[in-house]
Novice: 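Provided herewith is a single structure, encoded as C-alpha cells, for subsequent inquiry.
Indexing begins at 1, ligand by ligand and atom by atom, following the structure's order.
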Amino acid sequence: MTKRIDGRARADRLVADVAAAAAQLKAVAGLAPGLCAVLVGDDPASQVYVRNKGKAAIAAGINSFQEHLPASASEAELLALIAGLNSDDRVDGILVQLPLPRHIDPQRVIDAIDPGKDVDGFHALNVGRLWSGGWNRALLPCTPYGCLLMLRGELTDLAGADAVVLGRSNIVGKPMAALLLAENCTVTLAHSKTRDIATLLRRADILVAAVGRPEFVRGDWIKPGAVVIDVGINRVSAADGKSTLVGDVAFAEAQGIAGAITPVPGGVGPMTIACLLRNTLIAACRRRGQAEPQL
Ligand code: GUN
C-alpha cells in the first residue's frame with residue numbers, strides 16, 4: 001500500500017500555528033506582520049499565485065500588500081519599488097513573483113531585497129547561511145522547506161538516508177539538497193545531464209522530483225518503500241479536450257511501489273504557501289526583536 005501524503009491537511013495545520021503565533025504577537029506587542037507581493041507583467045499563472053498568497057496571508061492574520069508594475073516597467077523602476085518596501089516598516093516580507101520579464105535581471109532584483117525581509121530565501125545572504133550551517137538564522141526557501149516538513153512527517157530519522165533530488169533550480173533543487181544535507185542524508189543532486197537516472201533513483205530512500213516534465217519518473221524507477229515528494233505542476237491535455245495537472249512522477253505507476261507519495265495537486269503546493277506565511281511571521285519577529293516561534 002502506498003500512502004498518499006496529504007499536503008493540504010499538513011499545510012492547514014501549519015497555517016493554524018502561524019495564525020496562533022500572529023495573534024500572540026498582536027496581543028503581546030501590538031504588531032501585525034505584513035507581506036508584500038510584487039508582480040511585474042500580466043502572466044495569468046503568476047496573477048493566480050499572487051492572489052492566493054494574499055488571501056492566505058489575510059486568513060492567517062498577516063497584512064497583505066500588493067504592488068503591480070506593467071510588463072514594460074524598467075529594472076530601475078522595480079529596484080526603486082523594492083527600496084521603498086525595504087524601508088516601509090509595515091512590510092516584514094517582500095516577495096517578487098518569478099519569472100520576471102526578460103529585460104529584468106532576477107538576480108539583481110533579489111539582491112536588492114533586504115535579506116531580513118527576503119521571505120523567499122533567495123538572497124545570497126540567506127543562501128549562504130543555509131549552506132554554511134547557519135540555517136536557523138536564514139530565511140529558508142518555501143517550497144523545499146515545505147517538502148522537508150512533509151518528509152519529517154513520514155520518516156522518524158532522515159540521517160543516513162539516500163536522497164536524490166531531481167532538478168537543480170535555485171528555487172527548489174539546490175536549496176532542497178542543502179536542507180537534506182543538513183538532515184544528514186546522503187544527497188545526490190541529479191539534473192538533465194545526469195547519466196542513467198533510473199539506476200540512480202532505484203537506490204533512493206527519498207526522492208524529490210522538481211524537473212518540470214510531466215510524469216518523467218516512471219514507477220519502476222522508484223525503490224520499493226521510498227518516500228516520494230513530487231514538486232512538479234505540469235498542465236497537460238486530457239482525453240476530453242480539457243487540460244489537467246500532473247506531477248513529475250507517474251502517480252498511478254508509483255502506487256504499490258512507493259511507501260508514500262505526494263499527489264498533484266494537493267501535495268507540495270499548499271505547503272509552499274503555508275511556509276511563506278511562516279517565513280513572514282519569523283521575519284516579523286526577528287525584525288522587531290520578538291521571540292520567534294518554532295514552526
Ligand atoms: N515562482 C515560482 N515559484 C516561486 C517562488 O517560490 N517564489 C517566487 N517569488 N516566485 C516563484
Side-chain angles (χ1 to χ4, degrees), residues 7 11 14 34-57 62 64-69 71 73 75 78-79 81-82 85-86 91-102 104-115 117-124 126-127 130 138-150 165 167-179 208-213 229-235 245 247-248 262 264-265 267-280 282-283:
L14 179 54
L35 170 66
C36 185
V38 179
L39 180 63
V40 185
D42 302 302
D43 177 59
S46 292
Q47 284 175 333
V48 172
Y49 289 138
V50 166
R51 202 177 317 126
N52 288 345
K53 286 166 186 174
K55 277 193 214 155
I62 290 173
S64 168
F65 308 98
Q66 281 176 18
E67 296 286 349
H68 191 181
L69 293 180
E75 189 175 284
L78 179 55
L79 293 176
L81 175 66
I82 290 171
L85 295 173
N86 283 344
V91 174
D92 298 288
I94 301 169
L95 174 144
V96 179
Q97 186 65 31
L98 303 175
L100 290 166
R102 289 154 71 98
I104 299 179
D105 176 357
Q107 207 54 56
R108 204 169 295 154
V109 171
I110 290 164
D111 284 349
I113 298 172
D114 175 344
K117 296 188 177 189
D118 167 39
V119 282
D120 265 324
F122 295 163
H123 189 284
N126 286 313
V127 175
L130 167 59
L139 285 165
L140 300 171
C142 303
T143 298
Y145 187 63
C147 294
L148 179 63
L149 292 180
M150 288 192 285
V165 179
R168 55 177 152 178
S169 68
N170 288 334
I171 296 182
V172 185
K174 284 186 222 167
M176 187 76 245
L179 287 172
V208 181
V211 281
R213 292 172 63 178
I229 307 288
D230 191 347
V231 183
I233 302 179
N234 307 291
R235 192 163 282 287
L245 291 181
D248 289 350
T262 57
V264 178
V268 173
M271 279 302 278
T272 295
I273 294 190
C275 289
L276 175 68
L277 305 181
R278 174 233 180 232
N279 279 357
T280 305
I282 301 273

Novice: Taking side chain as C-beta onward, heavy atoms only, is P141 less than 4.5 Å from I171?
Specialist: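 SC-SC contact between P141 and I171 ruled out.
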Novice: Counting C-beta onward and ignoring hydrogens, is there a side-chain heavy-atom pair between L79 and L81 closer than 4.5 Å?
Specialist: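 No - every pair of side-chain heavy atoms lies 4.5 Å or more apart.
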Novice: Looking only at protein heavy atoms, identify the closest one to atom 11 (C) of ligand 1 and say how far it is in Å.
Specialist: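 So the nearest neighbour among protein heavy atoms is Q97 NE2, 3.5 Å.
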Novice: Within the 4.5 Å heavy-atom criterion, are L179 and C147 side-chain neighbours or not?
Specialist: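 No. Closest side-chain heavy atoms not under 4.5 Å.
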Novice: Looking only at protein heavy atoms, which one is nearest to atom 8 (C) of ligand 1, and how far off is it?
Specialist: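 Nearest neighbour among protein heavy atoms for atom 8 (C) of ligand 1, to 0.1 Å: D120 OD2, 3.5 Å.
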Novice: Consider side chain to side chain contact (heavy atoms under 4.5 Å, CB included). Of L149, T280, L148, T143, which one does C275 pass it with?
Specialist: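 For C275, the side chain to side chain contact (heavy atoms under 4.5 Å, CB included) test succeeds with only one of L149, T280, L148, T143, which is L149.
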Novice: Give me the nearest non-hydrogen protein atom to atom 4 (C) of ligand 1 as residue plus atom name, then the distance to 0.1 Å.
Specialist: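 Going atom by atom, the protein heavy atom closest to atom 4 (C) of ligand 1 ends up being I171 CD1, 4.2 Å.
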Novice: Side-chain contact, heavy-atom cut-off 4.5 Å: V38 with L85?
Specialist: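 Of all side-chain heavy-atom pairs linking L85 with V38, at least one is under 4.5 Å.
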Novice: If you count the atoms of ligand 1 from 1 in the order shown, which ones are under 4.0 Å from a heavy atom of V96?
Specialist: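 Close to V96: 8 (C), 9 (N).
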Novice: For ligand 1, note which part of L98 has a heavy atom under 4.0 Å away: side chain, backbone, both or neither.
Specialist: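 The answer is both.
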